[in-house]
Structures are given as structure tokens and as C-alpha cells.
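Below, each value reflects all heavy atoms present in this structure, side chains not excepted, and no hydrogens, waters or symmetry copies. Every chain is numbered from 1 and lettered A, B, ... according to where its sequence line falls, protein lines coming before strand lines. Here the structure is a predicted model, which means the values were calculated and not measured.
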Amino acid sequence: MPMKGRFPIRRTLQYLSQGDVIFKSSVKVMTVNYNTAGERSEGARKFVFFNIPQIQYKNPWVQIMLFRNMTPSPFLRFYLDNGEQVLVDVEDKTNKEITEHIKKILGKSKETLEKEEKERKKLSHPATFGPKKYHLRECMCEIEGQVPCPAFVPLPKEMRGKYKAAMKNEA
Amino acid sequence: MSVPRGAVHAKWIVGKVIGTKMQKTAKVRVTRLVLDPYLLKFFNKRKTYFAHDPLQQCVVGDIVLLKALPERRSKHVKHELAEIVFKVGNVIDPITGKPCAGTRFLENLSDSENLTEADTTFLSEKLQELKVCSTDK
């Protein structure tokens with residue numbers, strides 16, 4: 001049974017997480033003005049249809065507003081935290097060009113993203129074990145080289161409490 | 001704990017004015033795209049904010065940019081009007097700077113009326129040069 005809609009792949013988590021435009025923390029609002037008809041606004045329309053979900057998924061705290069048929073020329077406008085406004089003319093541009101352009105001007109660079117990734121990795125130690133939410137493994141029995149879980153492999157006689165107690169009583 | 005600016009999370013927001021019946025205050029509706037967890041589609045979720053508008057220059061239907069105030073002005077008013085982005089009935093296209101309505105400009109874009117005689121003759125000469133004659137071999 002196929003998914004409903006025109007391009008239902010836009011509604012998959014895999015597609016949404018493939019968005020590579022992550023805005024800098026100073027970008028607060030993004031406004032897209034485009035037209036529903038006309039060849040010059042074609043790239044903007046495709047951008048809104050395909051790329052806006054990816055951008056909003058990756059930047060949940062940026063307010064995105066869409067305005068249709070307000071002005072003859074399509075454009076994007078970004079409102080930054082310091083009061084600055086960035087106007088991007090997208091007339092006669094394909095949606096790929098638009099995403100590349102905004103990634104270049106207002107997106108976090110690869111180095112920044114890698115640095116942030118490293119910082120996040122530092123917080124959790126992969127060797128510890130505990131609740132699944134915070135650690136990779138839950139019990140010590142899951143770690144290679146440790147005693148396996150007695151639910152699957154019975155413990156040797158010497159480790160069992162029953163045997164140890166019997167030995168103690170005997171001695 | 002110091003909160004340098006904004007007693008509220010949203011520092012800058014863009015919204016549409018829906019009411020101006022209060023004195024020096026505008027009721028602004030702000031829409032954000034929120035992902036539906038099952039459909040995985042973004043829908044507009046609206047929220048109303050009250051903004052301080054000292055000159056009462058907002059009309060219902062304007063698109064405005066609001067800025068968060070450093071501290072709350074009253075129980076509900078936490079933002080002030082920073083700029084009217086698009087005035088209703090008087091939209092200015094930011095790329096060209098000309099007034100427009102919908103997808104057409106309101107005034108004539110070409111500046112042929114402002115050209116002087118010398119300019120028109122110069123331009124027509126340039127056009128003659130550009131003309132490609134098919135009779136040439």
C-alpha cells in the first residue's frame with residue numbers, strides 16, 4: 001500500500017533528516033515570499049515544497065512564515081538576533097541553488113557542526129552501562145569479556161550462592 | 001540568574017495584526033510550522049501575542065515584526081512593535097522598492113519618461129550596433 005500524496009517521500013524521517021541547512025543561532029525568523037504561478041517563481045515554489053520541511057526539521061526554533069502572491073518578485077528574508085535583516089532574491093533560481101546559497105551565508109559550517117558533535121560525545125562515556133536512555137549497554141553481562149548473563153548461560157558451580165553456602169557450612 | 005533581554009523565549013517574531021481595539025496595543029497572530037508526529041507533515045500552529053504600539057500605527061492585516069521587551073510591560077504584553085514589514089494595501093516590493101499589489105506592480109516600472117533626448121538617441125544608436133543583419137556574408 002503506497003503512501004498518500006504527491007511526493008510522500010517528503011513525509012519520511014529519513015528525508016527530513018537529510019536536510020543539511022542548519023542555521024546559525026542568530027537566525028530567528030525566516031520569511032519566504034513567493035508566487036503560486038509564473039515561471040520566475042518556479043524555483044521558490046520547489047524550495048517551499050521540498051526543502052522547507054527539511055529546514056524546519058533541522059531548525060525547530062526558527063519561525064518560518066510563507067507569504068503567497070504578495071509581491072511580483074520572489075524573495076527570502078531572514079531576521080537575525082541583532083536586528084539585522086538579510087534579503088535574498090530568488091528569482092530565476094532553482095531550489096538547489098537557493099539551498100546552497102542560504103547554507104553558505106547563514107548556515108553553520110561543517111567545522112562548527114563537527115565541533116558540536118564532539119562536545120556532545122564528550123558528555124557520555126561509552127564504557128559505562130545503565131539505563132538505555134543514557135548508555136549503550138544496560139547490564140554488565142552485555143559487555144564482551146565479562147561473565148555472560150545467567151539467564152542464557154548457567155553460572156559455573158563455584159560462583160553460585162548455593163554452592164558457596166554449602167562449602168562454608170562444610171568447612 | 002540574569003536574563004539580559006527578553007523575559008520570554010521568542011526574541012523576534014513576525015506575525016499578522018488581528019486586532020487594534022486596545023489602546024496602544026496590537027493583537028498579533030504568529031504562526032509557526034509544527035510537525036505532526038504521525039503524518040510527519042508540518043502544519044501552521046497559531047499563537048496570539050500582544051505588542052506595544054505607542055503610535056497606534058498598526059491596522060488589522062499588517063504583517064509586523066515584534067521585538068521582545070527586556071521586561072514585561074504588563075500581564076500579557078511582552079513584545080513591542082519593531083517594524084511593519086508589509087502594510088496592508090500598501091505593499092512595497094523590497095527588491096525593487098516599488099509599490100505592488102499581488103503579482104503586479106502598481107506603477108510603471110520602465111523609466112522611459114525620465115530619459116532626455118540625448119539618452120534616447122544614444123540608446124537607439126547602441127541598439128543599431130547590436131542588430132544582427134542577416135544580409136551580411
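Applying the 6.0 Å contact sphere to CZ of R137(A) captures more than 12 heavy atoms from other residues, nucleotides or ligands. Counted within 6.0 Å of CE on M22(B), heavy atoms from surrounding residues, nucleotides or ligands total more than 12; the atom is thus considered enclosed. Other residues, nucleotides and ligands contribute only 12 or fewer heavy atoms inside 6.0 Å of the NZ atom of K27(B). Other residues, nucleotides and ligands place no more than 12 heavy atoms under 6.0 Å from the NZ atom of K16(B). The environment of E158(A) atom CD is dense: over 12 non-hydrogen atoms of other residues, nucleotides or ligands sit within 6.0 angstrom.
Residues from residues 40-75 of chain A that place a non-hydrogen atom less than 4.5 Å from a non-hydrogen atom of chain B comprise I52(A), P53(A), Q56(A), Y57(A), W61(A), Q63(A), I64(A), M65(A), F67(A), N69(A), M70(A), T71(A), P72(A), S73(A), F75(A), given in numerical order. Annotation: residues 34-46 of chain B contacts chain A through L35(B), L39(B), L40(B), K41(B), F42(B) [non-hydrogen atoms, separation under 4.5 Å].
If you chain together ILVMFWY residues whose side-chain heavy atoms come under 4.5 Å of each other, V64(B) ends up grouped with I13(B), V17(B), V28(B), V30(B), Y49(B), L66(B), L81(B), I84(B).
Residues W12(B) and L80(A) approach most closely at NE1-O, 3.8 Å, considering heavy atoms.
Chosen from V91(B), I95(B), T96(B), L65(B), the residue pairing most often with chain A at heavy-atom distances under 4.5 Å is I95(B).
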TODO: Tell me, with the steps shown, if R77(A) and V85(B) meet side-chain contact (heavy atoms from CB on, under 4.5 Å).
DONE: CA-CA 11 Å; R77(A) 192 128 87 170; V85(B) 177; 3.3 Å; yes
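Hydrophobic clustering keeps L76(A) apart from I92(B) (ILVMFWY residues linked when any side-chain heavy atoms are closer than 4.5 Å, directly or through intermediates). Note: the hydrophobic cluster containing Y79(A) does not contain M30(A) (ILVMFWY, side chain heavy atoms under 4.5 Å, direct or indirect links). A single hydrophobic cluster is seen to contain both F86(B) and V29(A), as judged by linkage of ILVMFWY side chains at heavy-atom distances under 4.5 Å, directly or through other members. Residues V60(B) and V88(B) fall into different hydrophobic clusters, defined by Ile, Leu, Val, Met, Phe, Trp and Tyr side chains chained together at heavy-atom separations under 4.5 Å. Residue I98(A) is grouped with residue I105(A) when hydrophobic side chains (ILVMFWY) are merged at heavy-atom distances under 4.5 angstrom, including chains of intermediate members.
Interface remark: E91(A) contributes no atoms to any contact with chain B (heavy atom separation under 4.5 Å). Looking at N35(A), the atoms closer than 4.5 Å to chain B (heavy atoms on both sides) all sit in the side chain, from C-beta outward.
Sorted by first and then second residue, the side-chain hydrogen bond (donor to acceptor under 3.5 Å, both in side chains) pairs with a member in residues 115-125 of chain A read K108(A)-E116(A); sequence neighbours excluded.
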